[in-house]
Structure formats: structure tokens, C-alpha cells
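Notes for the one structure printed next.
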Amino acid sequence: MTAVGGASDERRGDGHIAVTVNPGCARAMSARLGTWLAILLVCQACQDRARPHESKVVPKAMTSHPSLQRVGAFDLASSDAGAVLIIAEQAQLQMTLLDLAGRVQKTETLYTAEATRAPGASPGQESFEIEEVVAATLDTRLAVAWIERDRLSTRALGLSGSLSNRSDTRIISMPDVQQPIALPRGNLALGSTDGHFVALTRGESTPCAEQAQRDCVGYSFFRFDSGEPHRSGPPLAVPEPCAENALNFAVSGARWYYGVCSRGSGSPVTTVFTIQNEPSYYARADRVLEGCAPTGAVVVKDDLIVAGDCAGTRRAVRVRGGDRAPEEVRMDRSEAVCESGKPLIVQRGLSGLELPLNGRQDRLEAFLPARFSLPRARAVWTGQTLLVAGVIDSKVTLKGYRCDSTLLREVALE
């Protein structure tokens, strides 16, 4: 308690300030106008101090220290124990295991690229680079795929193994990739089905399916776990793939969704393929988000929601099974709230986005309200914490958010 000109303030436990004027000072107020003015000034000062101030303490985010060579050379995937952050640091892939609250459990090296040297270059001047990284988990296993470029070729590689025991991990080679690739992402996608990891990867030039099409690039599915990969599913021939985020792939139960963006018609358009094997087989293709640059896709129940940037406006389309046509989903003014202790990404009103986060969920970055996102973000919900990783000043920064009553608040991760 501090006395100021006959008044005092006492800070209560709720963070507010209780102001008290002593009786002697009160009698003086009735005696002289000058005393009135003095007390009014004192009381005004007390009121100014009594106004609650917002905390200027910013929760501490986790930042990787080495600089990132390519802004697509990292990924974030949820796991049963929390999440896995994969970062390409120079010629190495580093894995950081996070718990459900987003705290670091351990970091280790997954892979070191084979050094190559251009003719005439001195020792130490390696020419390889890791361009893009994607990761996925299945039970207690991890799969990672990446694009690696050296002076001779650009190729897709992968690995899979136990999250806790790296002794059974082996590197898997997939076919070479045609340059130029989509940047910073859009050449690789990972999913899982029937207990196996499945990768969808960009390949090399291929004949187009129609005579009017040109500059087609092949995309193929590969199933891999611990052995050599083998093709799984139909190949695709995509005319003039989009320069960024050209590829999406998701599996929901017996239903496969995969989408490719093409500029073959002059402006970007995403074609989403839906294949279902059970209880009855069907396949269909839908052209969506014409004129929009794709930004991501997420499974909601059994449907796929595909998002895009349409001349600065965020739009989305819900792709459903059977003979139901895709439907527009409004998400240009979405918000994140908490209901029953769980986040809900929502846009109120007719046809608005509704994305509840209950069990763990990956690939949320395209659907986050702007205040939760980071540049080049990847986002997952662990079941307890929304983790958002992004690139700031060539470093990967990880932020965490958890529900506090009805608000989703940032929390310290270190």
C-alpha cells in the first residue's frame, strides 16, 4: 500500500486496484476549493493506475537455430504422443519429438544426404539441397519423404520406421523428379491406408491423356514401409502443373482423395479425384476453385475441404462422396473459439466453415484465422494443443495455443 497525497491504493488479488481516501482528507475537501482540486487530481491519478493493463509478456515460442535453406524443407505431423517436427538443416534431416503440450522431448538426426561436388569445386562445397519435406505418422511409426537435388538430378526419397527406435529405419528411393518443381511445396504428399504409408510424388514428363493438352508431368502413388516402394494406385498425367501447392492427398477410411492443380487451361484449376472401394466402388473427378491458387485440404469426418486463395479472398469447397456435388464453404472471415474445452474453427452463417478439433488433426494451416498463422505455416492439433510452425527470418518458429474458457490463447512451449 502506498500513500499519495492523502489517498492510498491497495492491489487486490484479481489484478485490480482498490482506492481509499482517508477521513482527514475527506474533511479537508469540504473546507477549501484548492484542496478539492488537489484531491481530484489525486483521485484521477488513482483511477489511471486502477485501469487494468494488458500483459505485455509474450509466451515463448520454440525457434530452431540453424537457418533453413528452403522454406518448404520442414514439416509438422501429429502423433499419438504429441507431434513430430522435421527440419532440413543444411544436408541433414532433424527430427524433434514434442509432447501433447508442444514441449520438446528429444531431437535427433534422421538422415544425412550424400555429399556431391560439382566439377572444379573445392572440398566442402557440396551441391546437394533438400527442397521439400513431408511427414506422417501411423500408430507408433513415422514416414518422411523429401525432394533432394544435387548437380546431376532431382529425386524423391523417403524413410519409415519406429518413432522411438531408429535402428529399423531404411532409406527408400523413388523415381527422379522433373524440373522445374513446384515451390516451395506441391511435389509430395503422404498418407496412410490399411496399415501402410502411401506417398504421392511428382515424376518426370509423360504423354498427355488428351491431344489438346501439353507439358504433362506424371504423378504416381508408392506404398512403402520398410522395403522397396512399389506403385499403388493409378498414375496421373497433369498438364502444366501449378507452380505452388500443386498436390494434395488424403485418406479417410475407405475413401481416397487426391487433388492436382493445373494451368493447362490458362488459369489454375484444381481437379479432385475421389475413389472409394467399400461398401461399393465408385470414382469421380471434380474441377473446383477455378482461378484460385490452392492452399491446402483437410478431412472433416468423411468429406474433404479444399481451400484456395482467390485474388486475395479465401474460399473453400467441400467434396463429398457418392453422387453429391461439391458445395461452397465460406471461410473468408473465420474465427477460432473454444467449446467444451476444444477449439472450433468456424465462420458463422449459412454455408460457413465448421471445423471442430477433437482428436488429433493434421494439415490445418490453410484454415487458420490470420492471427494464428505464421509465414509458410504447418499446423496440427495434438488433442491438447494447437501447434503452428512457420518460417521467420529463415528459421522455423513453433507456437502453441490452448483453450482457456471460450478463448484460444497462446501458451509458452519452453
Side-chain angles (χ1 to χ4, degrees), residues 58-90 92-111 130-137 142-147 163 183-190 244-245 248 250 295-298 307 336 343 345 355 357 360-402 408-414:
V58 178
K60 191 173 182 181
M62 189 197 84
T63 303
S64 71
H65 298 290
S67 293
L68 200 68
Q69 287 183 312
R70 293 289 184 266
V71 295
F74 78 98
D75 202 10
L76 181 67
S78 67
S79 70
D80 289 343
V84 183
L85 178 63
I86 308 294
I87 301 175
E89 297 177 351
Q90 296 180 348
Q92 292 184 332
L93 285 178
Q94 300 284 347
M95 175 184 72
T96 298
L97 298 180
L98 308 164
D99 66 12
L100 293 170
R103 294 183 293 261
V104 174
Q105 301 303 293
K106 70 174 182 178
T107 298
E108 62 181 286
T109 300
L110 282 180
Y111 166 79
I130 295 177
E131 301 274 357
E132 178 182 359
V133 176
V134 293
T137 65
L142 167 73
V144 183
W146 64 96
I147 296 289
L163 274 166
L183 291 174
R185 298 186 182 278
N187 310 285
L188 300 168
L190 269 179
E244 183 175 351
N245 294 332
N248 281 293
T295 55
V298 67
I345 301 174
L355 179 51
L357 304 182
R360 63 185 180 96
Q361 179 81 58
D362 289 11
R363 298 294 173 257
L364 296 172
E365 54 273 1
F367 303 89
L368 295 178
R371 69 188 184 94
F372 295 102
S373 193
L374 289 170
R376 301 300 180 184
R378 301 298 248 183
V380 304
W381 168 248
T382 69
Q384 182 182 112
T385 309
L386 174 66
L387 296 176
V388 184
V391 181
I392 299 177
D393 296 331
S394 299
K395 294 178 174 60
V396 176
T397 295
L398 182 70
K399 291 189 175 185
Y401 302 87
R402 284 200 287 274
L408 189 61
R409 297 186 184 275
E410 187 176 354
V411 295
L413 297 180
E414 296 182 339

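Values below: all heavy atoms of this structure, side chains included; hydrogens, waters and symmetry mates excluded. Bear in mind the structure is a predicted one, so any value in this text is a computation, not a measurement.
Annotation: side chain to side chain contact (heavy atoms under 4.5 Å, CB included) contacts of A136 (sequence neighbours excluded): L190, F197. Scored by the side chain to side chain contact (heavy atoms under 4.5 Å, CB included) test, Q69 finds no partners at all (sequence neighbours excluded). Taking the side chain to side chain contact (heavy atoms under 4.5 Å, CB included) definition, one finds that R70 meets it with A73, E129, E131, R149, sequence neighbours left out. Every side chain to side chain contact (heavy atoms under 4.5 Å, CB included) that D80 has, sequence neighbours left out, goes to R360. Residues satisfying the side-chain hydrogen bond (donor to acceptor under 3.5 Å, both in side chains) test with T385, not counting sequence neighbours, are R402.
In this structure, the side chain of Q105 engages the main chain of R103 through a donor-acceptor pair within 3.5 Å. In this structure, T295 contributes its side chain and A307 its backbone to a donor-acceptor pair below 3.5 Å. A donor-acceptor pair under 3.5 Å is formed between the side chain of T382 and the backbone N or O of L100. Counting only distance, with no hydrogens or angles, the side chain of E89 and the backbone of Q94 share no donor-acceptor pair below 3.5 Å. Using modelled atom types, no side-chain atom of D393 and backbone atom of K395 make a donor-acceptor pair closer than 3.5 Å. No donor-acceptor pair under 3.5 Å is formed between the side chain of D362 and the backbone N or O of A77.
Residues V84 and L97 are in side-chain contact: their nearest non-hydrogen atoms beyond the backbone lie under 4.5 Å apart. Inter-residue side-chain proximity for W146 and V133 is flagged as met; some heavy-atom pair is nearer than 4.5 Å. You'll find the side chain of V388 stays beyond 4.5 Å of the side chain of L398, heavy atoms only.
A distance of 8.0 Å separates CG in L76 from CZ in R363, rounded to the nearest 0.5 Å. To the nearest 0.5 Å, atom CD1 of residue I87 and atom CE of residue M95 are 12.0 Å apart. Residue Y111 holds its OH atom at 10.5 Å from CD of Q92, rounded to the nearest 0.5 Å. Atom-to-atom distance recorded for N187:CG and I147:CD1 is 5.0 Å, nearest 0.5 angstrom. The CG atom of L163 sits 6.5 Å away from atom OG1 of T137, with the distance rounded to the nearest 0.5 Å. Here the OH atom belonging to Y401 is positioned 9.5 Å from the CG atom belonging to L413, to the nearest 0.5 angstrom.
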Please tabulate, one pair per line, all N/O donor-acceptor pairs under 3.5 Å involving side-chain atoms of residues 364-380, not counting sequence neighbours.
residue : atom : partner : partner atom : Å
E365    : OE1  : A379    : N            : 2.9
E365    : OE2  : R378    : NH1          : 3.1
R376    : NH1  : E244    : OE2          : 2.7
R378    : NE   : D75     : OD1          : 2.9

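Among all heavy-atom pairs drawn from A336 and L408, the shortest one is CB-CD2, 4.0 Å.
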